[in-house]
Structures are given as structure tokens and as C-alpha cells.
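Notes follow the structure.
Both ligands and their constituent atoms are indexed starting at 1 by order of listing.
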Amino acid sequence: MAVTDEQVRDALRRVKYPGFSRDIVSFGLVKNVAVTDGSVTVQLALATNDAAVPRAIKADAESALRELSDVREAKVLIDIHAPPAGAGAAGAVATRIEGVKHVIAVASGKGGVGKSTVAANLAVALNQTEARVGLCDCDIYGPSIAMMFGSRDRPMATEENKIIPIEQYGLRLMSMGFLLDDTSPAILRGPMVTRYTQQFLRQVEWGELDYLVLDLPPGTGDIQLTIVQTVALSGAVIVTTPQEVALIDARKAATMFEKVNVPVLGLIENMSYFVSPDTGKRFDIFGSGGGEREAKRLRVPLLGQIPIDIATRESGDRGMPIVAEARESAVTAEFVRIASQLRAQLN
Ligand SMILES: Nc1ncnc2c1ncn2[C@@H]1O[C@H](COP(=O)(O)OP(=O)(O)OP(=O)(O)O)[C@@H](O)[C@H]1O
Ligand SMILES: [Mg+2]
């Protein structure tokens, strides 16, 4: 039995693009498959500056092909070209959002580490420097920005069918939470999520902005990939706690951005410590020094350390981020410091 093109493509579906959970077939990297007398030749095309990427893909693809029965010889040829500036993996060109100077993604590998809290407060802190700031909640499955800003408004659309952001505390906000009902489960799957996310990102009428902060869902899956391939990012900020499990996932997120040529602007360590309000004693609840070690390892700045803080959690739940609510709080001061560091890095 001779091996078929289809079997070859199926085997290649087991090969993941380095740093992503997505495979090289669905990425569109496979340009040609030729099978003659048990000898398979596969042609791939990819846009990358990182020599390790084609090397890893070639090795993985060849070994996946050799596992097929009736394959005598497997050859993987890779056509590599340099990606255009701002291009995502596989050469998909991410486009700038018209009128927006800098797009910053707030990401994490692990869920629940405080991305949305950080994104919200960072956006408010940037806004206090007289910059025009937008904040976009890209979490389709668990949007939280609408709640953190206490807004139940429904956005309106322009005549060209573009969605107009909601204004709150001087910021322009857009969230899936504005478009979905609290009760309606987001039942979008796979390719639908990709299309929905792209459409969502392209259809918001942001107007002129100095900074657009994107609050990403946790992980390094399809949604994150779609986002980094749709929008040209100035950089990414990675949120982690000092705990090892979070740091490992933060590293994965950093690798993902590296692979698609998006600079990692730095790490923010959240839930770094807790200071007891009555005794002033400090507790390192999730351990200490993790963020600093990881930042060194990734060769990126540790932008700041946010303590576990009851007022921060309460203000988020109440619908007004701590930076907007309490100017004198230590957490506010830390976010203001992080914001000015980011501005310096970007401008
Ligand atoms: N520094 C902090 N101090 C106290 N509570 C915090 C702090 N940071 C975040 N929280 C709380 O922890 C919970 C999770 O935070 P948040 O929703 O920002 O995380 P996330 O990383 O966006 O989560 P997800 O991965 O689900 O998107 C929230 O209830 C938030 O109020
Ligand atoms: Mg979140």
C-alpha cells in the first residue's frame, strides 16, 4: 500500500509550530507534498528570522513522516524568508490599527494571575499621564473588563458598522462583555473563535489613541495566536505570580511572543507579597524572588511588583480600578511607576 498525500498531511498535523499549540498544517505552512515509491518530499514555507524554528520543524516533521508505514525516505524542504516588520508566525502580516500609536498586550501563561487587574490599572495609569488610552478585553470566554469598570452600557455602531467604544474614567473601553449577555455562554469553537476575534479586533472604531492595552485570555492557544497575527503589537507585558507554576507558564508566553517577533517589554509580578494592615508584617504568600529570577532568565525588565491587596480586589469588584479610585495607595504608586517605565521604553 502506497502512502497517500492525505496520510502525509495527517502526520504533519502532529508537528507543532515551536512555542505554539497549533500545528504546521493548520498554520498553512505546507506548500507541497509529493509521494513517489515510498519516498516523501514535503515543501514548507515560513517567514522567520529565528534559525531554530525551521530546524525544529524539519526534525519533527521528518520524524513524524518516518513513523508512517511504507515510507522509505522522508525529505522536508523549507523555504525561509525574512518576515516583514510586525509579521506574525507563518508570515501572516499583522496590521496596524489606524490612529493607534502603540498596542500593548497584557498576557500570562497561567490563568487567574491578575492580567485583567493589571491591564485595567495600567490603562488608567497611562491615561493619567495625559495620553489617550483604550483598553480592549480580548477574553471571549471570560470577559471581565466590563465588570471591572462598572459599565453595563451597550456600545453603539457607526453607519459603517464599526463598534464605538464605551467611555469610562476617561478611557475608551471595548469588551466582549459589552456584546455578550451575562447569561449567554460563549459557545464559539475553533475556527469560529478565530474569525470572531479578528472581526472583533478590526471592527472597533478606536479613533486616535496613544496606547491601546489588550487584556488577553490566559495561555498560548488559538486566540492569542490570532491576536498577535491580526494586530501589529508594540510589545507584550507578561503577568505572573512568584510561584513556580506561574513562572513556567510565563516563560511559555514569552517564548510565544519571541517566535512572532513581538518584543517582551517586561514582566510584572502580581500577588508578590502581603502586608498585614494591622501589624505591618510582610508575608511572601507565593514565595519570593520568582519574578526577578525569571525576568533575568528571559533578559527582560521586571517592571514592578504588586502586593496582594484587599482594596485592589474590592475596587475591581466594585467597578473602579484602584488607580482611578485611590491615588494615595501603594498599589497605585506601583502602577504609575510601571506606566512611566513602559512609556519610556516605547517612546
Ligand atoms: N494584587 C492583587 N491583590 C488582590 N487581589 C487580586 C490582585 N490581583 C488580582 N486579584 C484578584 O484575583 C482575581 C483574578 O484576577 P484577574 O481576573 O485580574 O486575573 P486574570 O489573570 O485576568 O484571570 P483570567 O486568567 O481568568 O483572565 C480577581 O478576583 C482579582 O480581583
Ligand atoms: Mg482576565
Legend entry - Contact (N/O only, under 3.5 Å) between Val113 and ligand 1: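 Min N/O separation from ligand 1 is below 3.5 Å for Val113.
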Inset, instruction - Return a yes/no value for Lys110: is any of its N or O atoms, backbone included, closer than 3.5 angstrom to an N or O of ligand 1? - result: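 No: no nitrogen or oxygen of Lys110 is under 3.5 Å from one in ligand 1.
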List ligand 1 atoms under 4.0 Å from [X], heavy atoms only on the residue side.
{"X": "Asp139", "result": "27 (O)"}
{"X": "Ser116", "result": "18 (O), 20 (P), 22 (O)"}
{"X": "Ile308", "result": "3 (N)"}
{"X": "Pro307", "result": "1 (N), 2 (C), 3 (N)"}
{"X": "Gly111", "result": "25 (O)"}

Atom [atom1] of [X] with >12 non-hydrogen neighbours under 6.0 angstrom:
{"X": "Asn347", "atom1": "CG", "value": "yes"}
{"X": "Arg72", "atom1": "CZ", "value": "yes"}
{"X": "Gln243", "atom1": "CD", "value": "yes"}

Selected option - heavy-atom contact closest to [atom], from [options]:
{"atom": "atom 14 (C) of ligand 1", "options": "Ala311, Gly112, Gly316, Ser144", "result": "Gly112"}
{"atom": "atom 17 (O) of ligand 1", "options": "Lys115, Met148, Arg313", "result": "Met148"}
{"atom": "atom 6 (C) of ligand 1", "options": "Glu269, Glu314, Met147, Met271", "result": "Met271"}
{"atom": "atom 4 (C) of ligand 1", "options": "Asp317, Asn270, Ile310, Asp309", "result": "Asp309"}

Legend entry - Any donor-acceptor N or O pair under 3.5 Å, side chains Thr226, Gln229: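 There is no such pair between these side chains.
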Legend entry - Side-chain H-bond candidate by donor/acceptor type, Ser39 with Asp37, under 3.5 Å: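 No.
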Legend entry - Under 2.8 Å: N/O/S of Ser116 next to the Mg ion (ligand 2):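 Checking the Mg ion (ligand 2) against Ser116, an N, O or S atom does fall under 2.8 Å.
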Inset, instruction - Could you please spell out the steps behind the side-chain hydrogen bond (donor to acceptor under 3.5 Å, both in side chains) verdict for Lys75 and Thr41? - result: CA-CA 5 Å; Lys75 233 190 285 171; Thr41 307; 4.9 Å; no
When you check the gap from the basic side-chain N to the acidic O, do [X] and [Y] get nearer than 4.0 Å?
{"X": "Asp284", "Y": "Arg282", "result": "yes"}
{"X": "Asp317", "Y": "Arg313", "result": "yes"}
{"X": "Arg14", "Y": "Glu67", "result": "yes"}

Inset, instruction - Name the closest protein heavy atom to atom 19 (O) of ligand 1, giving the residue it belongs to and the distance to 0.1 Å. - result: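 Among all protein heavy atoms, the one nearest atom 19 (O) of ligand 1 is Gly114 N, 3.0 Å.
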Legend entry - atom 30 (C) of ligand 1 - nearest protein heavy atom and its distance: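 Residue, atom and distance for the closest contact: Thr117 OG1, 3.7 Å.
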Inset, instruction - Specify side chain, backbone, both or neither for Val239, according to which of its non-hydrogen atoms lie closer than 4.0 Å to ligand 1. - result: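 Looking at Val239 and ligand 1, no heavy atom falls under 4.0 Å.
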Inset, instruction - Answer yes or no for Lys281 and Phe283: cation-pi contact, defined as NZ/CZ to six-membered ring centre under 6.0 Å and angle to ring axis within 45°. - result: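 Yes; both conditions hold, so Lys281 lies above the ring face of Phe283.
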